[in-house]
Amino acid sequence: MYTLLKGIAAAPGIGMGKAAAKGQRPEQRQADAAASVSLTPQAAEEELLRYGLAAEVAARELEELAERTRERMGAEEAEIFETHLLLFGDEEFDGGIRRRIRGERKPAALAVEETASEVAALLESLDDEYLSGRAADIRDVAARLLRHLAGEGGSESAAVLRGAEEQAAGKESEPAAGPPVLLAADLSPSDTAQLDKSAAAGFATAAGGRTSHSAIMARSLGIPAVVGLGPALLAAMADARYVIVDGDAGVLHINPGDALIGEYERRQREAEERARSYGRLLAEETRSQDGRRVELAANIGSARDARAAAAAGAEGVGLFRTEFLYMDREALPSEDEQFAAYREAVEAFNAKRQPVVIRTLDIGGDKKLPYLPLPQEENPFLGHRAIRLCLDQTDLFRTQLRAILRASAYGNVKILFPMIAALSEWRRAKALLDATKEELAREGLPFNAETETGIMIEIPAAALMADRFAKEVDFFSIGTNDLVQYTLAADRMNERLAYLTDPFYPAVLRLIDRVIRAARAEGKWTGMCGEMAGHPLALPILLGLGLQEFSMSAPSILPARSWLARLDSRECEALAAEALELEEPDEVRALVEARFPFLAAGQA
Ligand code: PEP
Ligand code: MG
């Protein structure tokens, strides 16, 4: 039976193939072994020895996995396995297992299951997203230990994939037998890290969000993924034979008909052809048809993203969302850890001294840090967040400023302050930066004293006062994601307000126009790092308004470069002037579509 499920688009692209359902975890399958066996003291000692050996093998395996992940994906992803390794010295986990074996004389497997369930349940009961994630880590390590205690090596997902491949090879009547698509209740980080494009055409899970570990890894690995499909996936899994994961639309087609398969095969071929044709633009500068130079930069969240962006043709980084370095961990990252990440990102672009704009911590609103308890707020998006928080927690802020400044000795760093509403905030932040520079100079640590410093324009008050800010800052970066929500007073997370969270409202265009003019009057430059910068229909308007830097997700860069090369900047200036006089976003889009039909066709 054909079923369509809607979930969260976690990693882009189309993945089609035989369904490979990942079953229950081994520790659940072995749960019925939980008879209350009491071993003799000697047998308990033997079990302790067996546990010690299994733990040793599992630890070695994790070390290798961490090493491989570090090479393939980067230090940040490898950290997950380093965290797993720590469990072997953990008093509650490792100590708990040993106590159960020796003190309660339980078999090793039972001791692992009971301890893991107890510790994981405790963490989950705390109703904290981060700690629930740690519960998943505990289950992951327990499953690994149980596999070794049972004398099985390797990972479960690898076994499932092997099984599905064998099955697919044996059934010629089914559509083409490439790698299968993995369906699972959830995927642990170690499961995901073992996948690659040749082993899995895609995956879909019932649990998870866009920022879950497996989603982050899928994006790094280029495996299309949809997560958060809910219990409906679990119900449909048994009946799933062939599936299509649409990682762009966030949907899963189960048992599609020939027509739908044909349609997706066509889309896949088109995407491959497009990607090939863009390759020639990789090393080119971005210019409009009449030769106006603009910069196409990438939005990144890690040093690894920086390397990928450089390989995808980015001419720099327009936004390094540093808050991702602070998430998924148990304590604030140290100055040295941050320095290493910033330096790595900067060095990825230093061959041509291309700029890397590092934004200081933008936490609060929907982004929380488990180890930094913040009071509950009625309106978190209007709350004590980003620069407001950093100006109150100056130790945290100065640690980050030191790390960014130290990285400035290794390339073209620019510093960006988020959520600036008032001139006083900018001045306080700048004063703290200057004091930090003096501190580093006293300590004899190298940094670039001339590091350009700018602000995000994402609050209407800042856009309206841009002429004053422009006298003091080096650049502006327009954050349309927030600028739109604050201008239209429409929460960007509320799907019922989608008609208002639209950057094509002339009210928003007028603010953008004002900001670019104010900067230009003072000889400063303006970039944009909100999602609007990567929207095909926005390109001619932004070019016409005089935007100099467009920062977007790395895969959008080459298409944008090819479209900009077909636009005449004078014609775009006239178009932008017309757009500013319209009333509704639909009118603005229709204007652009009528003038540049190839951009309308370029929309997803
Ligand atoms: C924005 O608000 O446009 C922006 C780029 O920042 P974020 O999406 O991280 O809030
Ligand atoms: Mg923002």
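Whatever order the structure lists ligands and atoms in, that order sets their numbers, starting from 1. Position 1 is the first residue of the sequence, and the numbers go up from there.
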Check the surroundings of atom CZ in R517: do more than 12 heavy atoms from other residues, nucleotides or ligands lie under 6.0 Å from it? no

Salt bridge (Lys or Arg N to Asp or Glu O under 4.0 Å) between D586 and R589: does it pass, once the steps are laid out? CA-CA 5 Å; D586 285 348; R589 273 190 286 266; 3.0 Å; yes

Only one of R385, R388, R321 clears salt bridge (charged side-chain N to carboxylate O under 4.0 Å, His left out) with D362; which? R385

Quick check: T480 and ligand 1, any N/O pair under 3.5 Å apart? yes

Going by the order shown, which atoms of ligand 1 are within less than 4.0 Å of some heavy atom of [X]?
{"X": "M456", "result": "4 (C), 5 (C), 6 (O)"}
{"X": "L319", "result": "5 (C)"}
{"X": "C529", "result": "5 (C)"}

Pairwise distance CG(N299) to CZ(F550) - rounded to 0.5 angstrom: 13.5 Å

Approximate separation, where rounding is to 0.5 Å, of W563 CH2 and S556 OG: 8.0 Å

Parallel under 30°, tilted from 30 to 60°, perpendicular over 60°: which one fits the rings of F320 and Y342? perpendicular

A correct count of protein N/O/S atoms found below 2.8 Å of the Mg ion (ligand 2) gives 2

What is the minimum heavy-atom distance between C529 and G318, and which atoms define it? CB-O, 4.3 Å

All heavy atoms of E285 vs all of R561, minimum pair found to be O-CD, 4.2 Å

Provide the full list of salt bridge (Lys or Arg N to Asp or Glu O under 4.0 Å) pairs with a residue in residues 406-420, sequence neighbours left out, each pair given once. E335-R406, D336-R406, K414-E452

The closest protein heavy-atom partner of atom 6 (O) of ligand 1 is R359 NH1, 3.0 Å

Looking only at protein heavy atoms, what sits closest to atom 7 (P) of ligand 1 is R321 NH2, 3.5 Å

If you take the nearest heavy atom of each of E458, R385, E531, which one is closest to atom 2 (O) of ligand 1? E458

